[in-house]
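Since the structure comes first, as structure tokens, the remarks are kept for the end.
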Number of protein chains: 2
Amino acid sequence: MATPETTTEVPQDFEALKAVILERKAQLPKRLKQVAAYSLDNPDEIAFGTAASIATSADVQPSTLVRFAQHFGFEGFSSLQQIFRARLRERTPGYEDRLKALSENEHSKLESGSIFNGFVAAAHRSLDNIATSVDPEAFERAVDILAKAETIYLIAKRRSYPISSYMAYAFGKLRVKYQLVGTAAGIDDDMLAMAGKNDAAFAVSFSPYASESAAQARLLAERKVPVVSLTDSAFSPLAESSKVWFELVEADHAGFRSLSASMAFAMALTVAIAEKRHRLIDEAKAE
Amino acid sequence: MATPETTTEVPQDFEALKAVILERKAQLPKRLKQVAAYSLDNPDEIAFGTAASIATSADVQPSTLVRFAQHFGFEGFSSLQQIFRARLRERTPGYEDRLKALSENEHSKLESGSIFNGFVAAAHRSLDNIATSVDPEAFERAVDILAKAETIYLIAKRRSYPISSYMAYAFGKLRVKYQLVGTAAGIDDDMLAMAGKNDAAFAVSFSPYASESAAQARLLAERKVPVVSLTDSAFSPLAESSKVWFELVEADHAGFRSLSASMAFAMALTVAIAEKRHRLIDEAKAE
DNA sequence: GTCAATATGGAATTTTCATTCTATCAGTTC
DNA sequence: GAACTGATAGAATGAAAATTCCATATTGAC
């Protein structure tokens with residue numbers, strides 16, 4: 001066995017590993033130094049390649065990779081590779097620090113505090129995802145469709161309802177005509193019956209999908225009312241009825257999904273629509 | 001060999017693959033549909049896992065994964081997996097630049113994009129604040145008061161309404177008795193008239209304060225109904241009627257304040273209450 | 001209600017891959 | 001300049017993983 005008592009600890013994350021490698025790089029033998037340089041220059045290769053393929057492109061023997069890993073206290077090459085893989089899974093740099101900060105704050109001392117921290121962390125994660133998962137051009141198209149609509153119909157049930165109730169509030173403030181569908185059952189369909197092709201709808205539904213929302217969206221789509229939708233999976237029944245749809249996966253804590261990303265999205269959409277609409281009105285006046 | 005001449009082309013990148021999967025998802029048999037959903041919902045798992053581990057967590061057989069891959073023209077599971085791996089490689093070459101990327105990302109090229117980025121950034125800022133501005137002990141007390149209540153009255157108007165409408169939804173799921181006050185004007189006061197000192201209320205109000213909310217909170221406080229409140233200033237009229245109150249300043253973009261922090265707070269409070277309540281019930285039963 | 005076609009589960013097989021072992025080589029010390 | 005220490009290459013080994021195959025189950029058509 002190499003070390004019965006571990007003198008230096010085995011790095012557990014990429015940053016730590018990087019630090020150790022840099023620290024000892026100078027004293028490393030030739031081939032190991034070569035591997036060290038390669039691993040820091042091509043971390044993605046290490047993450048995905050096989051020992052053989054990496055060995056070839058780093059111009060060493062596979063066994064050298066194993067020795068390299070063992071040199072830094074890992075059991076073998078595979079366990080070192082895990083570090084490189086984990087690095088790709090954790091998305092943003094800020095996120096790590098935030099989590100660490102959360103786990104060290106006062107809340108973690110108290111029981112309910114961990115629940116509190118959990119939801120804050122989930123919200124952060126959700127927001128980190130949103131920028132990459134929303135296509136800017138689709139967003140632009142959505143704004144366009146909704147800005148041109150006479151009346152915007154907001155469709156949402158259950159968990160999605162807070163989203164559209166916020167939009168309703170904001171539209172009210174911004175003097176954009178809207179109809180909130182989903183409050184009292186029964187009158188919904190009468191409301192939707194008034195929607196024509198000069199109007200548009202925005203539907204929000206997360207799994208488990210409320211069948212009514214999907215049905216209402218379909219109804220509107222059949223009547224040539226353009227539908228924009230927000231959902232959490234490409235498999236949502238909403239997608240097929242929509243001209244533009246967004247997939248937004250919210251992170252969760254203890255099974256309760258965050259609404260932060262959806263909320264931020266809704267706010268952005270609302271304000272963008274209002275802005276575009278006012279511009280359209282101004283342009284119309286100018287002529 | 002399966003197809004000497006490729007009738008439909010094999011997707012070469014993640015986006016193409018996603019498109020093909022979505023296109024054919026309806027005609028897919030049960031298990032393959034299951035894999036389709038799993039793969040699009042957990043792309044990272046597919047990238048890193050082994051066929052066996054993925055199969056377990058998607059609840060199918062390893063062979064089903066191979067069949068799935070072949071169904072879309074790949075030689076086997078491994079070549080499909082390459083697509084998922086490539087997706088991770090191409091994403092953001094430099095993680096350090098990630099935060100900067102938000103201000104320089106694709107969104108900012110388009111007009112509506114800057115609005116979008118602005119709201120995401122505001123939400124992040126809000127969440128960063130929340131941990132320091134909420135006192136863990138006060139949170140614990142709030143949970144205690146509300147967990148002991150028979151019925152929880154949720155008071156909110158306008159901008160705060162989405163917050164409590166989420167809580168209402170969650171309380172419903174969690175089997176906690178509640179009354180949402182603020183929907184239709186007029187009947188509110190009748191509802192509140194039924195509140196007794198075994199109940200409790202949670203009020204949310206941000207400036208400009210809805211005078212009704214403050215009045216209703218005062219009314220309840222006079223009748224010895226404990227009130228917990230969430231607001232954005234120590235000067236809020238809600239504060240004086242409340243046993244416990246929280247000050248939560250949301251960051252804003254273009255004058256529109258985020259709701260992310262309040263939302264995260266509401267979720268944490270809701271779940272903490274439900275948990276504590278169930279514990280109290282269990283303890284009562286045990287005696 | 002029966003048959004055919006297709007889908008599925010699970011074991012068997014084959015391939016691939018990490019690791020270990022041994023011979024060789026280079027550098028260092030006495 | 002010989003003997004020793006440590007590094008390296010390359011083949012051998014054994015484990016693990018992907019894939020294939022076959023029996024069974026399910027679905028849909030007639």
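The figures here come from the full heavy-atom set of this structure, side chains too, leaving out hydrogens, waters and symmetry mates. Residue numbers begin at 1 in each chain, while the letters A, B, ... track the order of the sequences.
To the nearest angstrom, P of C:dA7 lies 12 Å from NZ of B:Lys33. One can place CG of B:Leu65 at 13 Å from P of D:dT20, the figure rounded to the nearest angstrom. Distance B:Phe77 CZ to D:dT20 P: 14 Å, rounded to the nearest Å. Rounding to whole angstrom units, CZ of residue A:Phe68 and P of C:dT19 are separated by 14 Å. Rounding to whole angstrom units, CZ of residue A:Phe74 and C1' of C:dT19 are separated by 17 Å. Look at CD on B:Gln82: it is 12 Å from P on D:dA18, rounded to the nearest Å. Remark: P of C:dT6 and NE2 of B:His71 are 12 Å apart, rounded to the nearest angstrom. Regarding B:Gln61, its CD atom lies at a distance of 14 Å from the C1' atom of D:dC21, rounded to whole Å.
Counting any heavy atom pair closer than 4.0 Å across all strands shown, B:Gln70 reaches sugar-phosphate atoms only and no base atom. Residue contacts for B:Pro29: at a heavy-atom cut-off of 4.0 Å it reaches the sugar-phosphate backbone alone, with no base atom in range.
Taking the six-membered ring wherever Trp is involved, the centroid distance between the rings of A:Phe202 and A:Tyr153 does not fall below 6.0 Å. Here the two rings, on A:Phe139 and A:Phe265, have centers that are under 6.0 Å apart. Ring centroids of B:Phe48 and A:Phe48 are separated by less than 6.0 Å, placing the two rings close together.
Comparing D:dA18, C:dA18, C:dT20 against the side chain of A:Ser63 picks out C:dT20 as the nearest. Here the nucleotide nearest the side chain of B:Thr50, chosen from C:dA18, D:dA17, C:dG9, is D:dA17. Side chain of B:Arg31, nearest nucleotide from C:dT8, C:dG10, D:dT19: C:dT8.
For C:dC17, neither phosphate oxygen OP1 nor OP2 lies less than 4.0 angstrom from any side-chain nitrogen or oxygen of A:Ser78. Note on A:Arg67: a side-chain N or O is less than 4.0 Å away from OP1 or OP2 of D:dT8.
Positionally, the nearest nucleotide of DNA chain C for B:Leu32 lies more toward the 5' end than for the other of A:Val66 and B:Leu32. Nucleotides of DNA chain D nearest to B:Gln81 and B:Lys30 differ in position, and the one nearer the 5' end is that of B:Gln81.
A donor and an acceptor atom never sit less than 3.5 Å apart when one is taken from the side chain of B:Thr64 and the other from the base of C:dG9.
Salt bridge absent: A:Arg159 and A:Glu250 never bring a charged side-chain N and a carboxylate O closer than 4.0 Å.
Considering all non-hydrogen atoms of both residues, B:His278 and B:Leu174 come closest at NE2-O, 3.7 Å.
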